[in-house]
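FYI, side chains are in, hydrogens and waters are out, and symmetry mates aren't considered; it's all heavy atoms of this structure. Keep in mind that what you see is a predicted model, and the values were worked out from it rather than measured. Here is the naming used below: chain letters follow the sequence lines, and residue numbers restart at 1 for every chain.
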Amino acid sequence: MDIETFLKNKIVGALQKVGLDVLASDVILEHPKEETRGDYATSVALQHAKKIGFKPRDLAEQIVAVIDRDGISKIEVAGPGFLNIFLKSEALQSIVGDVIAKNENYGRGSKKATKVNVEFVSANPTGDLHLGHARCAAIGDAICRLYEFAGYEITREFYINDAGAQVNKMGASLQARYLNECGLNAEVPADGYHGLDLVDLAKQVKDLYGDKLIADTKENFLTFISEGIRLELEKIKRDLALFRVHFDLYSYESEVRKDGKVEKTLEEYKPFTYLDQGATYLKTTAFLDDKDRPVVKSDGSYTYLMPDITYHLQKLGRGYDLLVDVLGADHHGYTNRMRSALMMKGYPAEIIDFELVQVVRLMKGDVEVKMSKRGGTTVTLRELVEEVGVDATRYFFAARAATSHLDFDYDLALEQSSSNPVFYAQYAHARLCKLLETGADFGIDISARNLRETAEINLLKHLQEFPNTIEGCAKTREPYKVAAYIQKLAALTHAFYTECRVIDRDNAELSQSRLALCKASQIVMRNALNVLGVNAPEQM
RNA sequence: GCGCUCGUAGCUCAGUUGGAUAGAGCACCACCCUCCUAAGGUGGGGGUCGGACGUUCGAAUCGUCUCGAGCGCGCCA
């Protein structure tokens with residue numbers, strides 16, 4: 001049993017003796033910043049005193065009087081009624097053996113029955129992935145990794161809008177570029193895609209088809225669209241792989257629309273639709289929306305919303321307990337429409353959740369970098385990765401709350417010093433690996449019984465928090481808190497390294513205990529970095 | 001006008017769902033290698049938590065109002 005559960009059970013037991021029924025899961029243990037306040041502190045007495053007509057301090061005194069002291073060296077009442085708990089050192093030292101035994105599974109949550117579908121990136125197949133997609137990819141994948149590590153069953157899904165107006169524009173733009181490649185005059189439409197990446201695709205199309213597509217026929221146009229989508233998607237998948245993001249499922253809008261599935265869905269929504277000026281509206285205001293939304297235009301074609309609803313219902317039909325859509329923050333108006341539409345079918349509002357990812361500004365010093373070097377309109381994911389690397393990019397994007405605007409500091413991401421958080425964490429891991437290698441002949445003492453320095457104890461306590469951190473971050477989908485955990489772990493590791501000499505030929509027993517702590521810390525650092533999709537190098 | 005996301009140190013951001021003296025990193029200043037990676041560590045200055053009122057033992061956190069920023073409010077996606 002881990003220490004926190006062990007303590008919580010003791011507290012619950014004590015509360016029972018006083019006549020209060022409290023669940024162990026409702027007991028909140030804190031880690032006081034000041035050592036004088038113990039290894040753990042809790043405010044249970046303040047929270048529950050009123051229920052039985054006690055003053056908080058009196059209840060706290062009662063708890064101290066009756067609590068089982070096994071494993072506890074000291075427990076005292078402080079301030080308005082906090083309980084400060086001091087552990088016996090053996091209790092803390094036992095963490096080391098626990099971590100080493102579980103190794104790559106330390107921190108992994110128990111298997112949950114919840115099946116979660118996370119849809120993210122879902123970029124239109126009309127151009128390269130850019131900065132915004134990169135942040136969505138980093139956050140989306142980190143959320144998935146968090147969920148998986150915490151024990152949830154997850155599906156990573158990418159939705160491809162291959163049927164709307166956007167792909168028609170892309171097809172027309174590609175056609176113009178192709179004609180240019182064939183030495184003919186043609187202009188990319190004003191509202192088309194002017195990026196130079198389409199020139200590359202046009203060359204590829206020409207290599208495949210020669211000049212067979214020159215004639216301006218419907219059939220040829222459809223070929224430009226299908227080939228364009230295929231090639232764009234190939235690039236997107238290649239860039240995602242480079243970024244270490246892999247999807248379980250790619251879903252196509254064209255598939256969603258097949259076999260009258262959208263028509264059927266529309267039919268099912270009949271009780272919630274009405275006609276206005278030739279267009280069909282969905283009564284989303286009956287639920288959470290502030291405005292009804294058109295689903296069929298007056299020309300008979302669907303708005304984007306209709307196939308989107310069909311698609312979400314199809315996802316739910318596959319048996320997920322929760323859908324998560326990771327979207328750019330400018331899509332926030334979309335959330336209530338979709339949620340309302342699902343509620344019309346009887347789903348609870350919580351069946352779907354949205355992660356709104358705020359914009360990224362790329363900064364070089366005080367100057368914002370807006371344009372891509374290659375003449376494109378924005379900086380692409382590929383460029384970013386080539387310049388600063390996958391690890392730094394993923395870490396920086398995942399290390400901030402999705403809802404907050406992010407300034408990505410180019411120079412900082414490249415810096416090889418403690419200023420750069422990624423470097424700082426990876427360096428801590430490499431240092432631990434080096435110590436373990438150098439001290440390999442000592443062997444490791446899993447009991448870690450010689451650890452008692454402040455730097456050692458602080459590190460032990462932090463290692464102990466890892467499983468709870470994972471559990472909590474997964475529930476709230478906040479990978480940036482894992483990054484915060486990593487930074488603290490790195491700081492404690494470096495402090496330990498400086499203050500405690502690990503390999504000491506004159507004191508083998510102490511060395512064995514400290515090497516065990518190194519091993520445990522190395523495991524936790526590696527597991528934590530892995531949650532963010534960042535490598536843990538063994539040497540630097 | 002309505003809605004969403006925000007407003008915390010000079011800068012970038014946390015703040016464990018209402019707890020003790022509001023934290024971290026960067027930047028700045030001063031220290032620490034005869035010894036495992038100084039690619040590191042220790043210490044220091046720096047705050048009207050945008051503002052006001054309210055809720056209670058207790059508010060950066062919850063409520064109302066207000067000021068400011070960004071985004072959204074289409075038979076676009």
> Go through A20(B), A77(B), G19(B) for me and flag the one nearest to the A78(A) side chain.
A20(B)

> So which nucleotide from C13(B), A39(B), G41(B) ends up closest to the side chain of R400(A)?
C13(B)

> I'd like to know whether Y427(A) forms a side-chain hydrogen bond (donor to acceptor under 3.5 Å, both in side chains) with Q416(A), so could you lay out the CA-CA distance, the side-chain angles of the two residues, the decisive distance to 0.1 Å, and finally the verdict.
CA-CA 9 Å; Y427(A) 177 45; Q416(A) 304 279 297; over 6 Å; no

> Counting the atoms with a prime plus P, OP1 and OP2 as sugar-phosphate, which does A401(A) contact under 4.0 Å by heavy atoms, base, sugar-phosphate, or nothing?
sugar-phosphate

> Any side-chain donor paired with an acceptor under 3.5 Å for Q464(A) and K461(A)?
no

> Taking the C1' atom in each of U8(B) and A60(B), what is the distance between them to the nearest angstrom?
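Comparing C1' positions in U8(B) and A60(B) gives a spacing of 7 Å.
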
> Where the side chain of K434(A) is defined as all heavy atoms beyond and including C-beta, which of C35(B), U37(B), U42(B) is the nearest nucleotide?
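Of C35(B), U37(B), U42(B), U37(B) is nearest to the side chain of K434(A).
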
> Need one value for C500(A): base, sugar-phosphate or nothing, where a base atom within 4.0 Å counts as base even if backbone is also close, heavy atoms only.
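Base, at least one base atom sits under 4.0 Å.
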
> Of the nucleotides A39(B), G19(B), C76(B), which one has an atom closest to the side chain of F82(A)?
G19(B)

> Going by distance alone, is a donor N or O of one side chain under 3.5 Å from an acceptor N or O of the other, for E157(A) and S251(A)?
yes

> Sort out the partner of C26(B) for me: Watson-Crick or G-U wobble, both distances under 3.5 Å, none otherwise.
G10(B)

> So for atom CD, which belongs to E263(A), do other residues, nucleotides or ligands contribute more than 12 heavy atoms lying within a distance under 6.0 Å?
yes

> Mind listing the residues from residues 475-490 of chain A sitting with a heavy atom below 4.0 Å of RNA chain B? Number order is fine.
T476(A), Y480(A), K481(A)

> Does G45(B) have a Watson-Crick or wobble partner in any strand here, with both distances under 3.5 angstrom, and which is it?
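Checking every strand shown, G45(B) finds no partner, since no pair has both distances under 3.5 Å.
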
> For D289(A), which residues count as a side chain to side chain donor-acceptor pair (under 3.5 Å) partner, sequence neighbours excluded?
T284(A), R293(A)

> With rounding to the closest Å, how many angstrom separate the P atoms on U21(B) and C49(B)?
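The same atom, P, in both gives a distance of 15 Å.
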
> Using the side-chain heavy atoms of Y427(A), tell me which of these nucleotides is nearest: A20(B), A38(B), C75(B).
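Selected nucleotide: A38(B).
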
> Between N84(A) and E76(A), does a side-chain hydrogen bond (donor to acceptor under 3.5 Å, both in side chains) hold up when you go through it step by step?
CA-CA 5 Å; N84(A) 294 339; E76(A) 56 192 20; 4.7 Å; no

> Just to be sure I understand the rule, does D191(A) reach a base, reach only the sugar-phosphate, or reach nothing, if contact means heavy atoms closer than 4.0 Å?
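No contact at all - D191(A) keeps every heavy atom at 4.0 Å or more from the nucleic acid.
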
> Assess the pair Y159(A) and Y250(A): is the distance between their ring centroids shorter than 6.0 Å?
no

> Which glycosidic conformation, syn or anti, is assigned to C33(B) if syn requires a torsion within 90° of zero?
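In terms of base orientation relative to the sugar, C33(B) is syn.
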
> Passes side-chain hydrogen bond (donor to acceptor under 3.5 Å, both in side chains), Q426(A) versus D391(A)? Steps please.
CA-CA 10 Å; Q426(A) 290 184 320; D391(A) 285 340; 3.0 Å; yes

> Would a distance-only check, ignoring hydrogens and angles, find a side-chain to backbone donor-acceptor pair under 3.5 Å from R394(A) to F396(A)?
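No.
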
> Report the glycosidic orientation of U17(B): syn if within 90° of 0, anti in every other case.
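That one's syn.
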
> Considering only side-chain heavy atoms of Y304(A), which listed nucleotide, A39(B), A77(B), C6(B), is closest?
A77(B)

> Would you classify A165(A) as touching base, sugar-phosphate or nothing, given that sugar-phosphate means primed atoms plus P, OP1 and OP2, and contacts are heavy atoms under 4.0 Å?
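Counting heavy atoms under 4.0 Å across all strands, no contact is made by A165(A).
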
> When rounded to the nearest Å, what value does the distance between C1' atoms of C67(B) and C13(B) take?
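23 Å, rounded to whole Å.
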
> Could you check whether S298(A) gets within reach of a base, just the sugar-phosphate, or nothing at all, counting any heavy atom under 4.0 Å?
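Base: the residue S298(A), judged by heavy atoms under 4.0 Å, touches a nucleobase.
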
> When the P atoms of G41(B) and U61(B) are compared, how many Å lie between them, rounded to an integer?
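One P to the other, the span is 34 Å.
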
> Nearest to the A495(A) side chain among G19(B), U42(B), U37(B), which nucleotide is it?
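My answer, after comparing the listed nucleotides, is U42(B).
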
> Side chain of Q166(A): nearest nucleotide among C75(B), C76(B), U37(B)?
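In terms of side-chain proximity for Q166(A), the closest of C75(B), C76(B), U37(B) is C76(B).
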
> Compute the centroid of each ring, for F86(A) and then for Y40(A), and state whether the two points are separated by less than 6.0 Å.
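Not under 6.0 Å, so no.
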
> Taking a pair as Watson-Crick or G-U wobble with both distances under 3.5 Å, which nucleotide is matched to C2(B)?
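Paired with C2(B), as far as the under-3.5 Å criterion goes, is G72(B).
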
> Donor-acceptor check, side chain of Y485(A) to backbone of H462(A), threshold 3.5 angstrom: yes or no?
yes

> So, for F158(A) and F120(A), is the gap between ring centers shorter than 6.0 Å?
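No, the ring of F158(A) stays outside the 6.0 Å limit from the ring of F120(A), centre to centre.
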
> Give one of base, sugar-phosphate or nothing for D276(A), where a contact means two heavy atoms less than 4.0 Å apart.
base

> What interatomic distance, in whole Å, is found between C1' of G19(B) and the corresponding atom of G72(B)?
37 Å

> From OH of Y424(A) over to C1' of U37(B), roughly how many Å is that when rounded to an integer?
14 Å

> Scan every strand shown for a Watson-Crick or G-U wobble partner of U21(B), both distances under 3.5 Å, and answer none if you come up empty.
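WC or wobble partner does not exist here.
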
> Is the centre of the F354(A) ring less than 6.0 Å from the centre of the H332(A) ring?
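No - the distance between ring centres of F354(A) and H332(A) does not fall below the 6.0 Å cut-off.
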
> Using whole Å, what does the distance between atom P of nucleotide A24(B) and atom CG of L412(A) come to?
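Rounding to the nearest Å, CG of L412(A) and P of A24(B) are 18 Å apart.
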
> Atom OH of Y281(A) to atom C1' of C73(B): distance rounded to whole Å?
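Spelled out: OH on Y281(A) to C1' on C73(B) is 14 Å.
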
> Hey, does Y334(A) reach any base, or is it just sugar-phosphate, or nothing, if we go heavy atoms under 4.0 Å?
nothing

> Counting just side-chain N and O atoms, does Y311(A) come under 4.0 Å of either OP1 or OP2 of A77(B)?
no

> Which nucleotide in the set G41(B), A20(B), C35(B) lies at the smallest distance from any side-chain heavy atom of R501(A)?
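For R501(A), the side-chain atoms sit closest to C35(B).
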
> List, with names and distances, any nitrogen or oxygen atoms from the protein found under 3.5 Å away from nitrogen or oxygen atoms belonging to nucleotides 69-71 of chain B.
| from | atom 1 | to | atom 2 | distance (Å) |
| --- | --- | --- | --- | --- |
| C71(B) | O2 | H332(A) | NE2 | 3.0 |

> Could you measure between the two P atoms, the one in C11(B) and the one in G47(B), and give it in whole Å?
13 Å

> Where the side chain of R431(A) is concerned, which of A39(B), G40(B), U5(B) is the nearest nucleotide?
G40(B)

> If the P atom of U48(B) is compared with that of G23(B), how far apart are they to the nearest Å?
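It comes out at 15 Å once rounded to the nearest Å.
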
> Could you state the atom-to-atom distance from CZ of R293(A) to C1' of G3(B) in whole Å?
10 Å

> Using a 4.0 Å heavy-atom cut-off across all strands, classify R337(A) as base, sugar-phosphate, or nothing.
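Base, at least one base atom sits under 4.0 Å.
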
> Across all strands, who's sitting opposite C65(B) as a Watson-Crick or G-U wobble pair, both distances under 3.5 Å?
G51(B)

> Take atom P in U17(B) and the same atom in U56(B), then report the distance between them in whole Å.
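22 Å, rounded to whole Å.
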
